[in-house]
2 protein chains.
Amino acid sequence: MSASQLETRLSHHLDLTFAERDALRWLERRERSYPAGTLIFHEGEAIENLYIVGSGWLHSSVTLRDGDRQILRFYFIGDITTTLSVAWQHSAATLQAVSDTTLFEIPKAHFGDLFRKHPRLGALLFAISASEQVSIGDRLTSISKTDGFTRIATLLLDIRSRLRVVDNLEGSAFELPLTQKDIGDAVGLTKTHVNRSLKALEATGLVERDGRVVRITDVDRLATLVDFRDRHAVIATDWLPAVGAAVSPVLEKVT
Amino acid sequence: MSASQLETRLSHHLDLTFAERDALRWLERRERSYPAGTLIFHEGEAIENLYIVGSGWLHSSVTLRDGDRQILRFYFIGDITTTLSVAWQHSAATLQAVSDTTLFEIPKAHFGDLFRKHPRLGALLFAISASEQVSIGDRLTSISKTDGFTRIATLLLDIRSRLRVVDNLEGSAFELPLTQKDIGDAVGLTKTHVNRSLKALEATGLVERDGRVVRITDVDRLATLVDFRDRHAVIATDWLPAVGAAVSPVLEKVT
DNA sequence: CGATGGTTTGAAGCGACTCAATTTACGTGG
DNA sequence: CCACGTAAATTGAGTCGCTTCAAACCATCG
């Protein structure tokens with residue numbers, strides 16, 4: 001059996017045991033494909049499952065009364081959509097495929113079992129979830145306090161940073177399958193102003209665009225310019241509980 | 001031994017076993033008091049602990065390069081500060097007491113043990129954390145897409161809603177120990193504009209102010225007016241794993 | 001009872017929005 | 001392989017919500 005996406009992701013933070021790896025792979029059985037643009041599920045819809053991204057980009061969003069859309073988060077390979085449905089019977093947001101996508105569908109109860117059988121993984125997932133929460137906080141701050149130029153620069157740096165963890169992105173260029181409207185819906189600007197801000201970014205020479213490919217010429221300098229903090233590179237695992245407590249009766253008796 | 005704050009909080013969502021209650025109480029041993037305004041720890045500071053709020057209000061915030069402050073979250077009785085320090089060795093934000101406060105300090109490793117000994121609680125905490133994440137997303141949306149009037153109305157409704165869960169708040173009035181500057185730092189407005197928006201809120205007759213006491217005259221109507229969704233009332237627990245898996249070797253052998 | 005921090009009000013300026021038109025890119029069918 | 005149709009990107013002009021700057025008012029407390 002080959003490595004699973006979630007397994008690969010978690011391996012970045014922890015040396016996984018065989019049993020843990022096995023449990024993660026076991027989650028990723030029901031695979032489904034969606035072409036770009038597919039609306040996977042809608043805000044408010046009843047949903048029994050979580051999804052692990054196998055490939056492609058997605059985003060979650062909410063729609064306001066006036067039809068305006070707020071994109072809350074982008075999902076990349078190895079991400080889990082826990083936030084959307086773990087706390088309620090109905091989804092807190094709409095999930096839509098940005099590019100062609102494959103997802104692994106897992107019943108919420110299986111996710112729950114993971115906490116029981118592999119508490120260390122449960123705690124690690126909690127830590128990752130916390131890091132994502134901080135990351136949302138960063139974007140909130142960005143939207144709340146900074147201008148269009150900075151918001152977009154921050155978004156680009158953040159996406160690049162996440163793709164690095166996830167895609168082994170080597171260079172500073174990456175494909176951005178988003179329209180300027182999408183970008184605006186993510187950072188709280190109109191498409192008109194997104195366009196102007198992108199132009200301003202190019203004018204500094206720190207960002208180049210060619211079609212949908214974006215290259216950040218000098219990541220460090222841009223990061224300094226807009227006061228960007230990378231939240232995705234490392235997370236603390238020193239506090240996690242001992243491995244595999246519940247899975248092995250033998251081990252358990254010794255304790 | 002009397003009920004602990006976290007225990008009370010989690011009881012709202014789940015019938016806890018004796019062992020679970022005991023474990024939660026055991027976490028709340030090291031209690032410390034802080035007068036209003038105390039800076040508990042600063043963004044970037046190394047920190048080994050989590051904190052459970054025993055009483056009072058606090059907030060977490062980050063400070064931008066230009067000195068601007070963004071308040072990310074308010075903490076009330078029974079809340080845990082996991083987000084700030086669980087994912088890194090250094091705090092992601094500054095924690096400050098708004099009113100006189102008591103906190104229970106718990107080492108991160110004890111929190112980790114909870115996942116091993118009481119996986120159901122770990123999963124529940126995960127779900128609560130997810131609901132908070134959605135709540136932050138709501139505020140992001142509010143700041144990103146709505147005007148001052150709506151942002152502040154939404155903040156007031158949100159605070160009231162959380163105090164209800166936590167404080168058994170009966171009426172529609174509550175004390176708001178925040179300056180207008182604080183409110184502005186939370187919703188992304190200047191104190192000048194906060195003042196004007198508050199006036200506008202009063203002018204509708206839906207909100208009354210008397211010193212630091214705020215009364216929402218007609219909660220439902222205001223909620224409808226600003227399209228507010230309550231995220232705190234209930235959370236789904238049907239997916240949680242079976243109780244107490246790892247704590248009892250005897251039970252474990254049976255499995 | 002002065003001092004300090006918070007609230008309130010006024011006036012002017014700007015960043016981002018709205019409205020609108022034009023150009024460019026791209027997928028599809030002939 | 002080109003013509004066409006539609007979506008996206010680009011650019012311009014006018015407007016408005018919120019900010020900035022500034023000053024006056026008010027409450028609480030040592």
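Heavy atoms only: backbone and side chains are in, while hydrogens, waters and symmetry mates are out. We name chains A, B, ... by the order of the sequence lines, and we start the count at 1 in each one.
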Item checked: Ion pair check, Lys145(B) and Asp185(A), cut-off under 4.0 Å -> yes
Next item on the list: Flag the pair Asp230(A) and Arg164(A) as a salt bridge only when some basic side-chain nitrogen lies within less than 4.0 angstrom of an acidic carboxylate oxygen.
Entry: no
Checklist line | Pairing of Arg212(B) and Glu175(B) as salt bridge, 4.0 angstrom limit | finding: no
Next item on the list: Please check if atom CG in Asp66(B) has more than 12 non-hydrogen atoms from other residues, nucleotides or ligands closer than 6.0 Å.
Entry: yes
Next item on the list: Apply the salt bridge (charged side-chain N to carboxylate O under 4.0 Å, His left out) test between Glu202(A) and each candidate in Arg215(A), Arg209(A), Arg196(A); give the one that qualifies.
Entry: Arg209(A)
Check: Could you give the NZ-to-C1' distance, from Lys199(A) to dA9(D), as a whole number of Å?
Finding: 8 Å
Margin query: Considering every strand and a 4.0 Å limit on heavy-atom distances, what is the contact class for Arg212(B): base, sugar-phosphate, or nothing?
Written below: nothing
Notebook entry, point to check: 5' to 3' on DNA chain C, which nucleotides open and close the contacts with chain B (atom under 4.0 Å from a heavy atom)?
Noted result: dG6(C) to dA11(C)
Check: Could you run down nucleotides 17-30 of chain D 5' to 3' and tag each one B, S or - for protein heavy-atom contact under 4.0 Å?
Finding: -BBBB---------
Margin query: Between Asn195(A) and dA9(D), is there a contact of a side-chain N or O with OP1 or OP2 at under 4.0 Å?
Written below: no
Next item on the list: Inspect the contact between Arg229(A) and Glu43(B) and indicate whether a charged nitrogen and a carboxylate oxygen are less than 4.0 angstrom apart.
Entry: yes
Check: More than 12 heavy atoms of other residues, nucleotides or ligands under 6.0 Å from CD of Glu48(A): is that the case?
Finding: no
Margin query: For a quick test of reading the model, state the closest non-hydrogen atom pair linking Ala93(B) to Phe41(B) and the distance between them.
Written below: O-CE1, 3.6 Å
